[in-house]
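Notes for the one structure printed next.
Only heavy atoms go into these numbers, but all of them, side chains included; no hydrogens, no water, no symmetry mates. Letters A, B, ... mirror the listed sequences (proteins, then strands); counts begin at 1.
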Amino acid sequence: MSPNTYSKEETQRRYLQGELTEKDRMAFEAWLVDHPEVANELHALQALDQKISLAAQAPTPEPTGQMDQRFYAMLAEASVPQATVLDKLLGLFKLPQIRRFAYGAGLVTAGVFVGHYGHLLQQQDDLETFRIQSQQQQIQALAVLSMLEMPSANKRIMAIQLAGMNEAPDDPVFDALLNTLVQDDNVNVRLEALEVLANHSDKEQVRIGLLNAITQQQSPTLQVALSQLMLALKEKAAVTPIKELIEKPDVMEEVKQQLNQTINELI
Amino acid sequence: MLQVKSGETDKLGLLYERHKKALYGFYYKMCRSVSLSEDMVQTVFIKILQSKHTFIGNGQFVTWMFHIARNVMHDHYRKNKHAHLQVGENQGEQMPDQFDLESNIETQHSVDHLFQALSLMSIEKRELLVMSRMEGMKYKQIAEIVGSNENAIKVRIHRALKELKSLFDQLEAGAIHVA
């Protein structure tokens, strides 16, 4: 430490606060001997420090009992569990009006939930029913198609009756019935097919198939039955095929008369 | 304190019993008023309870407590700008008997002047001298309490001591009077 710094406040502070090394302290105290005004000032500060220490030892008056009482009252109050947000909300429900409103709102909400749940269940039931019906129809169609291939006419009639039990048969079933109407060897089978197809004559596929079948019928019974059906359906498109049928040489005369009468009524 | 922080509020009673005298003593040396010191002790422990979640547990509880105590005191003096005029209101009746003895009149007088000189200082300088010279706190701890560094605190305390000496000398010489 340079003697040039001895007059600086920082050096004097470090001396008073005991931060100087032993060597620096001795050198500084030697310098103080030649600078009594600084030495006096520093000694006065040291003396003041001692006075403060003395003052600090002066007994402090005891706090009154009120300090403890007030603290423990505060602590007791703070130790009581504070109402949580949930508690406050539940507290609100203790009010009669709000309680009635809450019950009402609860009932409405429960009703909405129950209704919605019931609706979902109903939808589920409908879907299940539809799925079962579709499955049954598919099985039925397969049965009809396979039975129509059987050599027994009775079985084929049963197949057609089975198809007739279905309110909305598939297109392949209609195709099979129309083929039966044209190609089956047995008149009774063909008549049964015509009866079932007549029930679905509103369907375009069926109506066209019936018109096409007119000229291909060789049985008088079916020729008359088809023409009667066309008359019942008021199907004017049937006039041409009926005329073609009349032109055929193997058509019986009584049948021709019946067909001509049908044409006249349709026109 | 960590137990208080975790919700065991009743444990604050233990901390109060352990530190109330030191805190009260600090305040009394600062303001020389029993009632005001008690009020501020009470406020400190309310603040401790309110801000317990801010105690991180790394430092000493005492340092944290004195940090709060200092804020409480500064708040009080901010709200009561002329409160320093009341300093010393209790000194006559509160001084222990031995200080009233004739043989110690001079010492008593000197102590009175010392506290009067302290009362004339700013609250910031006064608290540094009280913490350092009267409460015996280390410079490092004081630095943590007031949010400064150790060297700066040493310089500020040295300068506060010099200012106190000037005021004390003037009181001793009768150059100034304190009401």
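For chain A, the nearby part of B:Leu114 is the side chain; its heavy atoms alone come within less than 4.5 Å. Heavy-atom distances place the side chain of B:Lys29, and not its backbone, under 4.5 Å from chain A. Both the backbone and the side chain of B:Ile46 come within contact range of chain A, with heavy atoms under 4.5 Å apart. For A:Leu45, the parts lying under 4.5 angstrom from a heavy atom of chain B are both the backbone and the side chain. Interface remark: B:Phe168 contributes side-chain atoms only to the contact with chain A (heavy atom separation under 4.5 Å). For B:Lys162, the parts lying under 4.5 angstrom from a heavy atom of chain A are both the backbone and the side chain.
Between chain A and the options B:Lys20, B:Glu38, B:Met134, the largest number of non-hydrogen pairs under 4.5 Å is found for B:Glu38. Counting heavy-atom pairs closer than 4.5 Å to chain B, the top-ranked of the candidates A:Ala44, A:Ser53, A:Ala47 is A:Ala44. Put simply, of B:Val130, B:Asp39, B:Ile157, B:Leu129, the one with the most heavy-atom pairs under 4.5 Å next to chain A is B:Asp39.
Between the side chains of A:Asn199 and A:Glu195, no donor-acceptor pair is found at a separation under 3.5 Å. Checked by atom type, the side-chain pair A:Gln17/A:Arg13 shows a donor-acceptor distance below 3.5 Å. No side-chain donor from either of B:His158 and A:Glu10 sits under 3.5 Å from a side-chain acceptor of the other.
Ion pairing between a basic and an acidic side chain is recognised when a charged N comes within 4.0 Å of a carboxylate O; B:Lys165 and B:Asp169 show such pairing.
Checked options B:Tyr24, B:Trp64, B:Phe61; the residue passing with B:His19 is B:Phe61 (criterion: ring pair (Phe, Tyr, Trp, His ring centres under 6.0 Å)).
Cation-pi check for A:Arg25 over A:Tyr15 is not met; the charged atom does not lie both under 6.0 angstrom from the ring centroid and within 45 degrees of its normal.
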Task: Test side chain to side chain contact (heavy atoms under 4.5 Å, CB included) applied to B:Leu23 and B:Met40, step by step - done: CA-CA 9 Å; B:Leu23 198 54; B:Met40 288 197 285; over 6 Å; no

